[in-house]
Amino acid sequence: MPVLRVLSRVAKQTLLAHECGCQPLAVAVRNISFSPRQVTSGSDASFHSVSFSETDHPKVLITGGLGQLGVGLAKMLRRRFGKNNVILSDIRKPPSNVFHSGPFIYADILDYKNLREIVVNNRITWLVHYSALLSAVGEANVALARAVNITGLHNVLDIAAEHGLRLFVPSTIGAFGPTSPRNPTPDLCIQRPRTIYGVSKVHAELMGEYYHHRYGLDFRCLRYPGIISADSQPGGGTTDYAVQIFHDAIKTGRFECNLKPDTRLPMMYIDDCLRATLEVMETPAELLTMRTYNINAMSFTPDELAQEVQKQLPDLHVKYNIDSVRQAIADSWPMNFDDSNARNDWGWKHDYDLPELCQTMLNFIGAETRMAQAN
Ligand SMILES: NC(=O)c1ccc[n+]([C@@H]2O[C@H](COP(=O)([O-])OP(=O)(O)OC[C@H]3O[C@@H](n4cnc5c(N)ncnc54)[C@H](O)[C@@H]3O)[C@@H](O)[C@H]2O)c1
Ligand SMILES: C[C@@H](O)[C@H](N)C(=O)O
């Protein structure tokens with residue numbers, strides 16, 4: 001992030017706050033004195049806000065941390081804040097390398113009391129809420145998606161508000177629908193998604209922003225594009241093809257794509273996505289003119305991706321076998337994402353375009369495959 005620009009904007013915002021007699025937002029967050037759940041349920045738990053100064057390391061809990069994104073995020077945050085300050089959690093059993101790389105705990109986001117106990121006992125100050133059912137698996141199990149993505153979010157919001165946490169909840173390109181402007185899609189426009197995943201993410205954006213304005217919750221949200229990673233598998237989304245093509249290109253030289261060749265979607269390499277997440281979490285609250293931002297890196301079609309991979313692996317053979325559920329979802333999503341607010345407010349800038357993405361993915365998976373063959 002351009003430090004000078006950030007510092008000058010903080011100074012400007014602080015002056016403005018003094019001039020109008022307003023307090024900076026962070027003060028309101030630290031002064032939370034009640035929570036919606038405790039007021040309505042009459043719970044006898046004592047409530048207190050955990051405050052931490054910006055010079056202390058945050059104590060981070062990641063929910064749904066064993067999916068495509070959580071392990072990489074934990075690795076990056078542990079490098080920055082120390083191994084024991086970042087706790088990964090999920091309802092699945094962690095593989096041995098993850099279990100031995102830092103603190104891991106069982107946390108079902110549908111179990112409110114258990115989640116609250118983890119937050120209290122570990123003095124959590126930042127919560128990164130990654131648990132979710134993605135677009136394609138969500139359509140296959142709407143009841144579970146509704147429970148995890150909506151009821152689970154309510155638990156997380158209440159606990160974050162009660163304990164004064166800084167809360168990150170990712171949203172997605174899937175929070176838009178066929179009536180949204182698709183090329184490009186701005187931050188603020190009509191959002192009428194047609195998947196339970198999209199509906200739950202619009203709900204998360206609105207609830208988080210409501211809690212921010214109503215209770216001072218320090219809610220931060222980025223709408224991620226489709227994320228592409230080499231060392232973790234996607235969890236059942238519409239953009240999964242853009243990961244699978246690299247594995248199949250190297251292992252078999254043949255790839256069957258479940259979207260039409262001209263389906264254009266916004267995409268991002270995982271390192272950019274995780275860095276954006278840390279950057280927005282560290283941005284001074286005064287710089288955030290919004291609480292939900294689009295972020296983007298590139299936009300491509302399966303045909304363009306295949307052509308880029310074929311520059312390295314010319315023998316790759318691509319066949320199209322369309323999945324009607326995924327195609328209908330993709331056809332309702334943004335083709336290009338306008339992330340100018342993120343770039344202007346907190347200096348968002350991606351590092352990876354399509355050629356760098358392909359080179360990095362092929363190098364990583366190629367090296368991994370050669371090592372596996374040698375053993
Ligand atoms: N990967 C992407 O392309 C992408 C794009 C946009 C937004 N996102 C968002 O980022 C977040 C992380 O995505 P991901 O790709 O790692 O997802 P993923 O599907 O790979 O992982 C989700 C994790 O949630 C866990 N989970 C399910 N039910 C749970 C419960 N009751 N309690 C606790 N954990 C539970 C699962 O076990 C899984 O490990 C999600 O919220 C997703 O919507 C991802
Ligand atoms: C785009 C994103 O939210 C996810 N990868 C999905 O396709 O469902």
Side-chain angles (χ1 to χ4, degrees), residues 61-74 88-95 98 104-112 114-115 118 127-141 144-156 167-176 185 193 195-205 208 221-229 231-244 258-259 263 265-270 272-274 276-277 292 294-297 299 323 325-327 329-330 332-334 337:
L61 175 68
I62 303 171
T63 69
L66 295 184
Q68 187 189 2
L69 306 185
V71 173
L73 183 74
L88 258 184
S89 73
D90 208 300
I91 51 172
R92 295 191 280 147
K93 195 168 158 187
V98 172
F104 177 87
I105 201 162
Y106 172 89
D108 181 348
I109 55 154
L110 295 175
D111 184 344
Y112 171 79
N114 172 243
L115 199 57
I118 292 168
L127 205 163
V128 177
H129 178 46
Y130 269 174
S131 311
L133 262 63
L134 303 191
S135 58
V137 290
E139 288 314 290
N141 195 340
L144 184 63
R146 195 180 67 176
V148 173
N149 295 10
I150 298 180
T151 309
L153 172 91
H154 293 169
N155 289 340
V156 165
L167 173 64
F168 179 82
V169 180
S171 185
T172 162
I173 49 174
F176 297 93
T185 305
T195 60
I196 185 64
Y197 178 59
V199 169
S200 71
K201 289 294 186 179
V202 177
H203 178 74
E205 294 175 7
C221 173
L222 297 179
R223 295 193 190 102
Y224 295 161
I227 305 303
I228 299 166
S229 58
D231 60 351
S232 58
Q233 291 300 320
T238 304
T239 58
D240 293 9
Y241 90 86
V243 175
Q244 196 58 40
N258 54 25
L259 294 182
T263 309
L265 291 168
M267 301 278 185
M268 181 177 284
Y269 183 56
I270 187 167
D272 276 340
C273 165
L274 302 180
T277 305
T292 303
N294 293 349
I295 51 164
N296 198 21
S299 223
D323 173 329
V325 173
R326 282 182 164 86
Q327 187 64 49
I329 295 173
S332 73
W333 281 2
F337 228 21

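Just so you know, ligand 1 is whichever comes first in the structure, and atom 1 is the first atom listed for that ligand.
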Per-residue contact class, Pro234 against ligand 1 - non-hydrogen pairs under 4.0 Å: neither

For atom 5 (N) of ligand 2, closest protein heavy-atom neighbour: Thr239 OG1, 2.9 Å

Approximate separation, where rounding is to 0.5 Å, of Gln68 CD and Leu73 CG: 12.5 Å

Backbone or side-chain N or O of Leu69 under 3.5 Å from ligand 1 N or O: yes

Backbone of Tyr130 reached by a side-chain donor or acceptor of Thr63 within 3.5 Å: yes

Donor-acceptor contact present, side-chain Asn155 to main-chain Ile109, <3.5 Å: yes

Protein contact of atom 6 (C) of ligand 1 - nearest heavy atom, named by residue and atom, plus distance: Tyr224 CB, 3.3 Å

Shortest protein heavy-atom distance from atom 17 (O) of ligand 1, along with the residue and atom involved: Leu134 CD2, 4.0 Å

Reference residue Arg223; test side-chain contact (heavy atoms from CB on, under 4.5 Å); the match among Ile295, Asn296, Thr292: Thr292

Parallel, tilted or perpendicular, as decided by the 30° and 60° cut-offs, for the rings of Tyr197 and Trp333: tilted

Those atoms of ligand 1 less than 4.0 Å from some heavy atom in Thr172: 6 (C), 7 (C)

Side-chain donor or acceptor of Asn294 paired with backbone N/O of Thr185 under 3.5 Å: yes

Heteroatom proximity flag, Ile109 to ligand 1, N/O under 3.5 Å: yes

Contact partition for Tyr197 relative to ligand 2, non-hydrogen atoms under 4.0 Å: side chain

For atom 21 (O) of ligand 1, the protein heavy atom that lies nearest, with its residue and separation: Gly67 CA, 3.3 Å

Heteroatom distance test (Asp90, ligand 1): nitrogen or oxygen, under 3.5 angstrom: yes

Ser131, Pro94, Gly236, Gly174: member with heavy atom nearest to atom 24 (O) of ligand 1: Ser131

Proximal candidate to atom 12 (C) of ligand 1 [heavy atom criterion; set Tyr130, Tyr197, Phe168]: Tyr130

Shortest reach to atom 5 (C) of ligand 1 by a heavy atom, considering only Gly237, Pro225, Pro170, Ala204: Pro225

For atom 23 (C) of ligand 1, the protein heavy atom that lies nearest, with its residue and separation: Gly64 O, 3.5 Å

Arg92: numbered ligand 1 atoms lying under 4.0 Å from its heavy atoms: 37 (O), 38 (C), 39 (O)

Nearest-neighbour protein heavy atom for atom 27 (C) of ligand 1, which is reported as residue plus atom name and distance: Ile91 CD1, 4.2 Å

Spatial distance of atom CG (Leu61) from atom CD1 (Ile105) [nearest 0.5 Å]: 8.0 Å

Atoms of ligand 2 close to Leu134 [distance to a heavy atom under 4.0 angstrom, numbered from 1]: 8 (O)

Heavy-atom donor-acceptor pair, Ser171 side chain to Leu222 backbone, under 3.5 Å: no

N/O separation below 3.5 Å, Ser171 to ligand 1: no

Tyr224 near ligand 2 by a heavy-atom separation under 4.0 Å: no

Flag side-chain contact, heavy atom, 4.5 Å: Val202 against Pro193: yes

Thr172: numbered ligand 2 atoms lying under 4.0 Å from its heavy atoms: 1 (C), 2 (C), 3 (O)

Geometric N/O contact Lys201 with ligand 1, under 3.5 angstrom: yes

Side-chain (Arg326) to main-chain (Gly237) donor-acceptor, under 3.5 angstrom: yes

Smallest separation among heavy atoms of Ala330 and Leu265, with atom names: O-CD2, 3.9 Å

Proximal atoms of ligand 2 relative to Ser135 (non-hydrogen, under 4.0 Å): 6 (C), 7 (O), 8 (O)

Pick from Ile173, Asp108, Thr238, Asn155: the one approaching atom 30 (C) of ligand 1 most closely through a non-hydrogen atom: Asp108

Flag, side chain of Asp90 to backbone of Leu66, donor-acceptor distance under 3.5 Å: yes

Point-to-point distance, once rounded to the nearest 0.5 Å, from CD1 of Ile329 to CD of Glu139: 5.0 Å

Short N or O distance, His129 and ligand 1, threshold 3.5 Å exclusive: no

Atom 4 (C) of ligand 1 - nearest protein heavy atom and its distance: Ile227 CG1, 4.0 Å

Nitrogen or oxygen of Thr238 less than 3.5 angstrom from that of ligand 2: yes

Considering all heavy atoms, the nearest Asp240-Pro234 contact: OD1-CB, 3.3 Å

Sub-3.5 Å N/O-N/O distance, Leu133 and ligand 1: no

From Ala132, Gly65, Gly235 - option closest to atom 22 (C) of ligand 1 by heavy atom: Ala132

From Thr195 atom OG1 to Leu133 atom CG, the distance as rounded to the nearest 0.5 Å: 11.5 Å

Donor-acceptor pair, side chain of Lys201 and main chain of Phe176, under 3.5 angstrom: no

Atom pair CG (Leu274) and OH (Tyr224), whose distance is rounded to the nearest 0.5 Å: 6.5 Å

Nearest non-hydrogen protein atom, atom 15 (O) of ligand 1: Gln68 CB, 3.4 Å

Element-labelled atoms of ligand 1 that are located less than 4.0 Å from some non-hydrogen atom of Ala107: 32 (N), 33 (C)

Ile173 contact mode with ligand 2 (heavy-atom cut-off under 4.0 Å): side chain

Chi angles and distances behind the side chain to side chain contact (heavy atoms under 4.5 Å, CB included) call for Leu167, Val156: CA-CA 9 Å; Leu167 173 64; Val156 165; 3.5 Å; yes

